[in-house]
Amino acid sequence: MGDVYVEFFSDEALENVMCLLQYKPEKVIYLGYKVTMVTRKINSLTDFAALKSPDTILEFIEVPRDDLEGCIEILDKISEEYPEAFYELTGGGEMTLIAFGFLSAKKKMKTLRIDPYTGMEINMLPDLSPTQHKDNISISVKENIILHGGSLTRQTGSYSTWNFTTAFKEDIRTIWDIAKKLEHRWNKYCAVIEDVIKANPCDDSGYYTLPKSSLGEAGNLFIRLNEQGMLKNFHQDNKRLRFRFKNNSIKHIVTKTGNILELHIYEVASRAPEVFTDEIIGAMIDWNADKNESEKKIYASNYEKYMHATYETLNEIDVVLMKSCAPIFISCKSGKASSNSLHELETVTRRFGGKYASKALAMALPCDASSSGTSFFKQRAKEMHIWVIDNIYHMTDEQLLNRLVKLQP
């Protein structure tokens with residue numbers, strides 16, 4: 001195809017990059033209203049293009065919002081300068097599209113549209129019938145966040161905590177089977193273990209000695225873990241348990257109640273690479289990626305206020321999946337879920353996914369067992385287009401994967 005593409009600048013960031021991703025052209029010209037084509041969005045798009053197509057030149061041209069003749073004049077000038085240019089029809093303001101329709105009725109202009117969700121491309125060339133085909137386009141979770149003006153911090157779990165080797169994925173499956181049998185007791189036991197381990201740290205070799213009197217029933221979890229090979233050098237007497245964790249990852253799972261549900265969802269999704277092209281767990285998103293540290297300090301004049309201001313710009317999403325170019329944001333709850341959970345999920349999804357993103361609340365227990373006002377909660381989630389996947393403890397892996405695959409905006 002050609003080397004120059006014209007995009008009608010859209011509020012939806014993903015609609016602005018489909019030609020860039022598919023063709024990596026010499027130049028992309030963006031036409032947009034001043035109110036839409038703001039500096040923050042231009043900067044995010046430029047950062048994204050530098051990653052995905054660094055040799056492509058981006059040009060941004062402002063068009064009048066209420067001046068049809070002015071829009072026609074700008075489009076006509078572009079068509080004269082780049083007669084072989086392609087015009088991508090997704091997005092754009094009403095006046096710009098009317099101007100394009102008027103001009104294309106007089107000139108033979110090449111048009112196309114690439115659906116960001118399905119990857120389906122429709123080409124309309126002069127004197128030829130329209131054709132369509134499916135493009136194989138994908139972006140990573142990290143790239144999607146950058147496109148929407150954020151960044152993944154180094155605290156993101158996939159970078160800082162977990163190493164998804166084949167052996168670790170097998171460990172996740174093993175521990176999930178234990179959690180399924182314990183159900184609500186899993187959270188109770190993990191909370192106790194977290195406190196007891198903090199009060200009784202290991203020695204320099206990683207060897208723990210924990211009092212049974214402090215552990216109570218939670219000590220039974222260590223027996224189950226040892227039976228499944230998750231502990232090393234395990235010994236017990238009437239008063240104490242002694243052991244080493246198989247590795248630090250096992251420790252992280254056992255000492256935080258929600259980790260195993262997040263890991264289970266991540267691991268199950270990773271079994272379908274033909275559907276989910278990227279996965280991130282514990283995504284820590286910085287909303288102010290376009291500001292350096294010195295700029296962030298402008299928010300406040302003293303350290304305490306600065307820390308508060310910085311905190312306010314961060315959000316954590318438990319699991320983020322990519323279906324080619326469309327993100328899926330998943331909040332995981334191993335215990336109770338509140339309406340607050342829905343609003344937080346909605347806010348982050350709208351900011352970093354837009355209308356092409358899916359969002360889901362994943363719950364280990366049945367919704368009616370973990371929240372009050374169940375019918376109201378589910379109705380509110382439905383109104384917000386949030387999928388609720390509950391009672392995961394009683395799902396097979398195949399059932400969960402099927403639910404994840406079916407998620408859509």
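Starting from 1, each residue takes its place in the sequence as its number.
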Going by side-chain contact (heavy atoms from CB on, under 4.5 Å), name the residues that satisfy it together with Pro201, two or more places apart in sequence or in a different chain. none
Run the salt bridge (charged side-chain N to carboxylate O under 4.0 Å, His left out) check on Asp397 and Arg173 step by step: do they pass? CA-CA 10 Å; Asp397 294 357; Arg173 291 191 282 270; over 6 Å; no
Tell me, please, which residues at least two apart from Phe60 pass ring pair (Phe, Tyr, Trp, His ring centres under 6.0 Å). Tyr30
Is atom NZ of Lys323 surrounded by more than 12 heavy atoms (other residues, nucleotides or ligands) closer than 6.0 Å? yes
Tell me every residue that passes salt bridge (charged side-chain N to carboxylate O under 4.0 Å, His left out) with Arg242, counting only those two or more places apart in sequence or in another chain. Asp237
With ring centroids as reference points, do Phe164 and Tyr266 lie under 6.0 angstrom apart? yes
Tightest non-hydrogen contact, residues Gln236 and Phe234, listed as NE2-CE2, 4.1 Å
Find the distance between OH (Tyr23) and CD1 (Ile137) and round it off to the nearest 0.5 Å. 7.5 Å
Looking at Lys188, I want to see if its NZ is surrounded by more than 12 non-hydrogen atoms of other residues, nucleotides or ligands under 6.0 Å. no
Is the closest basic N to carboxylate O distance between Glu15 and Lys355 below 4.0 Å? yes
Checking His394 against Gln399: is there a side-chain donor and acceptor pair closer than 3.5 Å? no
Apply side-chain hydrogen bond (donor to acceptor under 3.5 Å, both in side chains) to the pair Asp135 and His133, showing each step before the final yes or no. CA-CA 6 Å; Asp135 294 329; His133 63 275; 2.8 Å; yes
Checking side-chain polar atoms at under 3.5 Å, does Arg244 have a donor or acceptor matched by the opposite partner on Ser205? yes
Partner residues of Lys41 under the side-chain contact (heavy atoms from CB on, under 4.5 Å) criterion, sequence neighbours left out: Phe9, Asp11, Val38
When you measure from the side chain of Asp278 to the backbone of Val141, do you find a donor-acceptor pair of N or O atoms at a distance under 3.5 Å? yes
Side chain Lys359, main chain Met384, donor-acceptor under 3.5 Å: yes
Please table the atom pairs, donor to acceptor, closer than 3.5 Å between any side-chain atom in residues 402-409 and protein atoms at least two apart or in another chain.
residue	atom	partner	partner atom	Å
Arg403	NH2	Val388	O	3.1

Atom of Ala191, atom of Thr257 and distance for their closest heavy-atom approach: N-CG2, 3.9 Å
Are there more than 12 heavy atoms of other residues, nucleotides or ligands under 6.0 Å from atom OH of Tyr82? yes
Do side-chain atoms of Thr277 reach the backbone of Met322 as a donor and acceptor pair under 3.5 angstrom? yes
Please evaluate residues Glu12 and Ser10 with respect to the criterion side-chain hydrogen bond (donor to acceptor under 3.5 Å, both in side chains), reporting the C-alpha separation (whole Å), side-chain torsions for both, the decisive distance (0.1 Å), and the verdict. CA-CA 5 Å; Glu12 292 290 336; Ser10 172; over 6 Å; no
CZ (Arg351) and CG (Asn315) are apart, to the nearest 0.5 Å, by 10.0 Å
With a 3.5 Å cut-off and no angle check, do the side chains of Ser334 and Asn187 form a donor-acceptor pair? yes
Hey, is the main chain of Ile250 close enough, under 3.5 Å, to the side chain of Asp171 for a donor-acceptor pair? no
Could you tell me whether a side-chain N or O of Asn144 sits under 3.5 Å from a main-chain N or O of Phe352, the two making a donor and an acceptor? yes
Would you give the length of the straight line joining atom CZ of Phe100 to atom SG of Cys71, rounded to the nearest 0.5 angstrom? 13.0 Å
Can you tell me how far apart CZ (Phe329) and CG (Leu345) are? Round to the nearest 0.5 Å. 9.0 Å
For residues 213-226, tabulate all N or O donor-acceptor pairs below 3.5 Å that involve a side-chain atom, not counting sequence neighbours.
residue	atom	partner	partner atom	Å
Asn220	ND2	Glu217	O	3.2

Walk me through whether Glu194 and Lys256 qualify under salt bridge (charged side-chain N to carboxylate O under 4.0 Å, His left out). CA-CA 7 Å; Glu194 180 181 9; Lys256 186 178 177 184; over 6 Å; no
Please report the closest heavy-atom contact between Glu262 and Asp318, naming both atoms and the distance. OE2-OD1, 3.2 Å
